[in-house]
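Chain A is the first sequence line, chain B the second, and so forth, proteins listed ahead of strands; every chain is numbered from 1. Everything numeric here is computed off the predicted structure, so don't read it as measured data.
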Amino acid sequence: KEIIEEIKELSQLNLEDIAILAWLIDSERKNYNLESLTRFFFKEKTLSAPEDYLGQFLNLAEAIKIKVSSLSLDHIWETIEKPLLPILAQMEISGIFVNKQILKHLQEEAEKEIKVLENKIYQLAQKTFNINSYQQLAEVLFKDLQLDVSTLKKTRTGKFSTDVFELTKIKDSHSIIPLIIDYRQLEKLKTAFLDPLPQFINEKTQRIHTIWKQTGTATGRLSSEAPNLQNIPSKGEWGKKIRKAFEAAPDFSFLSLDYSQIELRIASHLSLDPKMLAAFQEDKDIHTLTASLINNIEEEKVTPAMRQLAKILNFGIIYGMGAKALSETAGISLKEARKFKEEYFHDFSGLKNYLEHSLEQAKKLGYVETLFGRKRFLPLIGSLGQIGRQEERIAMNMPIQGLAADIIKLSMIKISDFIKSQNLDDEVRLILQIHDELILEVKSAIIKEIAPQLKVIMEQVMDWEVPLKAEITIGKNWGELE
DNA sequence: TCACGAGGCCAC
DNA sequence: AAACGTGGCCTCGTGA
Ligand SMILES: Nc1nc2c(ncn2[C@H]2C[C@H](O)[C@@H](COP(=O)(O)OP(=O)(O)OP(=O)(O)O)O2)c(=O)[nH]1
Ligand SMILES: [Mn+2]
Ligand SMILES: [Mn+2]
């Protein structure tokens, strides 16, 4: 501890700062602790004797500073990551209230439903087995019940896949299949959310305090762990039920602001694609447009589920999805998928050119970067085969996903400054960041007045031709935002 | 008892 | 599962 304090004073950096700087240099590492960083930056040496630690750490901090500035990463550090750090620390301290009784109730409800499904499955299988074991499940389906395997994909280790997509393909061949699909979903919600979440509730605060990881991704996004609050279920009846357990404090409400079609808007700005820019100038919704084209219906008839699927298609196509995957995801023929992609990039030819430009830059320089200079190195991009191809897709994705991350981080900083400047610390708190969405806890009495101001901050953060748009929703709990 | 890969699935 | 990408975390099976 003493040593750490000394390091702080001498280098003007603390351990967290060093980790973040190292992450800016090399964003794909698992680990940014001092041991592994020392090994990385002074390749031949390992940690020396304890009495040399201080000197070694100072050397490390110095080496990292030099590297940061040679890669021009100072800007992103000074303007984004450094001011963000205390904001994340405050968000951890704030936490979010979770209603234990609701969770417990849902847990029991899920358990009952799971038991019922379990028994029906055993009956149809005429034996009991562990449904959670896909090996045992595959044996029951394909040996005992003799279900047709001819259409089924194999996993990469050569076994028959039993994932939802494959099960759905054969769902009409036996009444056990739909039950297994339902079982899987409920079991997932129970084991991944309902069971563990109560454990994370802090006794003193009755709130969950996630860990916000500032060095957790290769693109600049945040991640959240213990528990991950960025993947709480949102779809369907159960998603809503679970989110309802996250409640605003008495006299407070949740305010959510989610950027509309964010990576598409960013892509239009970066590519200057005339059609895509025009679409956003006219406040069009490209996810909805894609849904209407795929389903052959009017945009007014597009359901939320259809729009969600179209979202996957839009980003999938942009980031290099193949025609085969497109056809299966969209539920269209291979021929139609090929045609859809062709027309997509014909319509958005400026986008296509931009993506190719990203690829060229990556091949030439060995890295890609965002508008703010956040970098991701791609040492294998020239190589033949699967890994080379994968890095090509990364090269197309990172400058866009990474810029989206830069943008929302800037918004967080501006919103935090706004809260401070207006002396609203007791009335407005940042609670969650979910990649392109901020959730705040705001005194109900002033929320109507605050919401549009925060919306403006988020929408004006970039000063671009293409409008950024943030959608406001408000509610007493996370499941009932309107 | 623990660590790890595989398979799987939740979110953006 | 796949020529979309970014994560975290669950269970199972296996091997120390
Ligand atoms: N590559 C990829 N990126 C995704 C996917 N889903 C979400 N994202 C990224 C791109 C989105 O712009 C961003 C935010 O997700 P949202 O669910 O908020 O979607 P988006 O903002 O596009 O539409 P929205 O108007 O908010 O419904 O996350 C996906 O399936 N693939
Ligand atoms: Mn969005
Ligand atoms: Mn979102």
Return a table of donor-acceptor pairs under 3.5 angstrom between the side chains of residues 96-111 of chain A and protein atoms on other chains or two or more places apart.
from, atom 1, to, atom 2, distance (Å)
A/Asn99, OD1, A/Gln101, N, 3.0
A/Asn99, OD1, A/Ile102, N, 3.1
A/Asn99, ND2, A/Glu247, OE2, 3.0
A/Lys100, NZ, A/Glu203, OE2, 3.0
A/Gln107, NE2, A/Asp195, OD1, 2.6
A/Glu109, OE2, A/Lys241, NZ, 2.7

Selection: residues 160-190 of chain A, any non-hydrogen atom under 4.0 Å of DNA chain B:
A/Ser161, A/Thr162, A/Asp163, A/Val164, A/Arg184, A/Gln185, A/Lys188
Applying side-chain contact (heavy atoms from CB on, under 4.5 Å), name anything that partners A/Leu380, two or more places apart in sequence or on another chain.
A/Ser383, A/Ile387, A/Glu391
Tell whether A/Thr155 reaches the base of C/dA1 with its side chain through a donor-acceptor pair below 3.5 angstrom.
no
With sequence neighbours left out, write down each residue that passes side-chain contact (heavy atoms from CB on, under 4.5 Å) with A/Asn228, or none if nothing qualifies.
A/Ser224, A/Gln230, A/Asn231
Pairing residues for A/Glu369 by the side-chain contact (heavy atoms from CB on, under 4.5 Å) criterion, not counting sequence neighbours:
A/Gln361, A/Tyr367, A/Lys375
Counting only non-hydrogen atoms, which of residues 94-107 of chain A are less than 4.0 Å from DNA chain C?
none
Solution key, residues 398-411 of chain A side-chain donor-acceptor pairs under 3.5 Å, sequence neighbours excluded:
from, atom 1, to, atom 2, distance (Å)
A/Gln401, OE1, A/Thr219, OG1, 2.8
A/Asp406, OD1, A/Arg374, NE, 2.8
A/Asp406, OD1, A/Arg374, NH2, 2.8
A/Asp406, OD2, A/Thr370, OG1, 2.7
A/Lys409, NZ, A/Glu81, OE1, 3.3
A/Lys409, NZ, A/Glu81, OE2, 2.8
A/Lys409, NZ, A/Gly220, O, 2.7
A/Ser411, OG, A/Tyr259, OH, 2.8
A/Ser411, OG, A/Ile407, O, 3.4

In what stems does DNA chain C take part, counting only runs of at least 3 consecutive Watson-Crick or G-U pairs whose two distances fall under 3.5 Å?
B:1-12 with C:5-16
The correct set of residues in residues 306-323 of chain A placing a heavy atom under 4.0 Å from DNA chain C is A/Ile312, A/Phe315, A/Gly316, A/Tyr319, A/Gly320, A/Met321, A/Gly322
Which of residues 217-231 of chain A have a heavy atom under 4.0 Å from DNA chain B?
A/Arg221, A/Gln230, A/Asn231
Give, ordered by number, those residues of residues 363-388 of chain A having at least one heavy-atom distance below 4.0 Å to an atom of DNA chain C; if nothing qualifies, reply none.
A/Arg376
Return all side-chain donor-acceptor pairs below 3.5 angstrom for residues 112-124 of chain A, not counting sequence neighbours, or 'none' if the list is empty.
from, atom 1, to, atom 2, distance (Å)
A/Asn119, ND2, A/Lys115, O, 3.3
A/Tyr122, OH, A/Phe129, O, 3.1

